[in-house]
Amino acid sequence: MLTIYCNLARQATVAEQSNGTAHTPQIGFADYLPCRLIVYSYGVTRADLSHVASWRGAVDVDTDSDTGPLRRIMPGDFDATNAASGELRFPIDCGTQEFFDTVKSDIGGKLEIYGHDAEDRQIVRIRIAVTLVPLVDAPGGSPTKNLEPVVRALNGLTGNITLVDGDGEPLPVGDGKIQVPATGGGGGSFGGLYPDNNPVADLPFGDPDYGMCHYLDATFPSVSFTWPVYRLRKITALIRSANPAITGSIVLTPLIDGEVRPSVSVAVGANWTEMDIPLTVETGEVTLRRDVGGTLNDGGMVTAILRCITAWGEL
């Protein structure tokens, strides 16, 4: 899910809570993106949008209404159940011919959301700057072919290449393929695990002391991965206390497709340390939720800060 935080007065995307500058959302050809839009009226106060009777939207590269948008978002696509707390949900489906014909390189675009009253008068307009991107390979292409011969000259030299493990021992070869043994344990492909390129969906904060990071506290109790995982075996991250004078532990509960898994206790110190949570999931959407418990408290939850959050899958 694509989550966008927007300041209504500034007509700009922001980082949640801090209202600092956020990254520009990216929308690609053929993307189908379930979108969650959080709208602030000012500061960290969410806008009350419950007075809006209907919503519509559009994605385009310009404001030329004569050419029509690349994709329209129709009133029936919007879920305004939580509009009173500034939240709208809708899909962005950009598998259109207009998008394919227009977007041939990464270009700036606009996502606009319009709110209408009961008399169909436009009373809210939200414009969000986005980056529109094409596919490296559009659907329908033929399979690519390997070049022959397999052995080629490198800088005029020919010969054999031998891959070795961390101890300098050659990797075994079978059926003409290099065999990478899955020895378990540590990370990296030689440990049988690989880092899954699956970023956290929640927009990070630009913390003045610790840079781009994610918070876990009473206000922001969870982080979620953007895409469903496959053959997940563990999650790692760097973690520390936002207040170095207060350290302890927090309780993290994994949720897989909303189903609660057993909680784990994670130590949180005054400096960055690695958090390693074993978690076996064949496939599903993953959220880590901070629950009540642990000792990282000072009359209430002290913020734990995360960065370098990585999902590790099995080969």
Side-chain angles (χ1 to χ4, degrees), residues 1-14 21-40 47 49 52-83 86-144 197-203 224-228 285:
M1 175 176 290
L2 175 64
T3 301
I4 302 174
Y5 302 95
C6 177
N7 185 297
L8 187 61
R10 290 163 50 192
Q11 292 288 302
T13 53
V14 295
T21 302
H23 294 297
T24 302
Q26 212 179 72
I27 299 174
F29 170 68
D31 282 352
Y32 183 86
L33 296 174
C35 184
R36 174 173 170 256
L37 178 63
I38 305 297
V39 182
Y40 295 98
L49 304 174
V52 177
S54 65
W55 297 90
R56 65 183 182 89
V59 176
D60 206 355
V61 295
D62 54 39
T63 55
D64 186 354
S65 59
D66 292 335
T67 60
L70 303 183
R71 165 59 75 180
R72 286 192 173 92
I73 308 168
M74 305 307 291
D77 294 330
F78 282 85
D79 177 1
T81 304
N82 298 316
E87 179 175 332
L88 299 173
R89 295 188 180 225
F90 52 88
I92 302 176
D93 183 358
C94 285
T96 65
Q97 188 66 44
E98 291 84 356
F99 199 111
F100 179 77
D101 292 340
T102 303
V103 181
K104 299 300 183 183
S105 62
D106 294 8
I107 57 175
K110 301 170 181 64
L111 167 64
E112 280 201 335
I113 306 298
Y114 315 99
H116 294 254
D117 64 13
E119 299 179 17
D120 203 30
R121 295 174 299 192
Q122 184 175 303
I123 55 176
V124 175
R125 179 180 61 81
I126 303 169
R127 174 177 291 183
I128 299 165
V130 297
T131 299
L132 305 177
V133 300
L135 289 181
V136 171
D137 182 31
S142 301
T144 54
N197 185 20
N198 193 349
V200 171
D202 312 84
L203 287 175
S224 302
F225 285 103
T226 301
W227 313 112
E285 296 185 350

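Here, residue 1 is the first one in the sequence, and each next residue gets the next number. Only this structure's heavy atoms are used, side chains among them; waters, hydrogens and symmetry mates stay out. Just so it is clear, the structure is predicted and the values come from calculations on it, not from any experiment.
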Handout entry: Residue among D62, L132, L70 satisfying side-chain contact (heavy atoms from CB on, under 4.5 Å) with T102
Key = L70

Exercise for the section: Answer yes or no: does atom CZ of R72 have more than 12 heavy-atom neighbours from other residues, nucleotides or ligands under 6.0 Å? Expected result: no

Nearest 0.5 Å please: distance from the [atom1] atom of [X] over to the [atom2] atom of [Y].
X	Y	atom1	atom2	answer
D77	I92	CG	CD1	10.5 Å
D60	E112	CG	CD	9.5 Å
R89	W55	CZ	CH2	15.0 Å
D117	Q122	CG	CD	10.0 Å
L88	I4	CG	CD1	11.0 Å
I38	N7	CD1	CG	13.5 Å

For the student: nearest non-hydrogen atoms of [X] and [Y], plus distance:
X	Y	answer
V130	K110	CG2-N, 3.7 Å
P25	A129	CD-O, 3.5 Å
V133	F99	O-CE2, 3.6 Å
A58	P69	CB-CB, 3.9 Å
C94	I27	SG-CG2, 3.6 Å
R56	F78	CA-CE1, 3.5 Å

Handout entry: 4.5 Å side-chain heavy-atom contact, H116 and S54
Key = yes

Practice task
Taking the side chain as every heavy atom from C-beta outward, state whether V52 and I123 have any pair of such atoms under 4.5 Å apart.
Solution key: yes

Problem - Steps toward side-chain contact (heavy atoms from CB on, under 4.5 Å) verdict (F90, I73) - result: CA-CA 8 Å; F90 52 88; I73 308 168; 4.0 Å; yes

Handout entry: Worked verdict on Y5 versus R36 for side-chain contact (heavy atoms from CB on, under 4.5 Å)
Key = CA-CA 9 Å; Y5 302 95; R36 174 173 170 256; 4.0 Å; yes

Practice task
Go through L37 and I128 one step at a time and tell me if the side-chain contact (heavy atoms from CB on, under 4.5 Å) criterion holds.
Solution key: CA-CA 10 Å; L37 178 63; I128 299 165; 3.7 Å; yes

Practice task
Apply salt bridge (Lys or Arg N to Asp or Glu O under 4.0 Å) to R71 and E98, showing your working.
Solution key: CA-CA 8 Å; R71 165 59 75 180; E98 291 84 356; over 6 Å; no

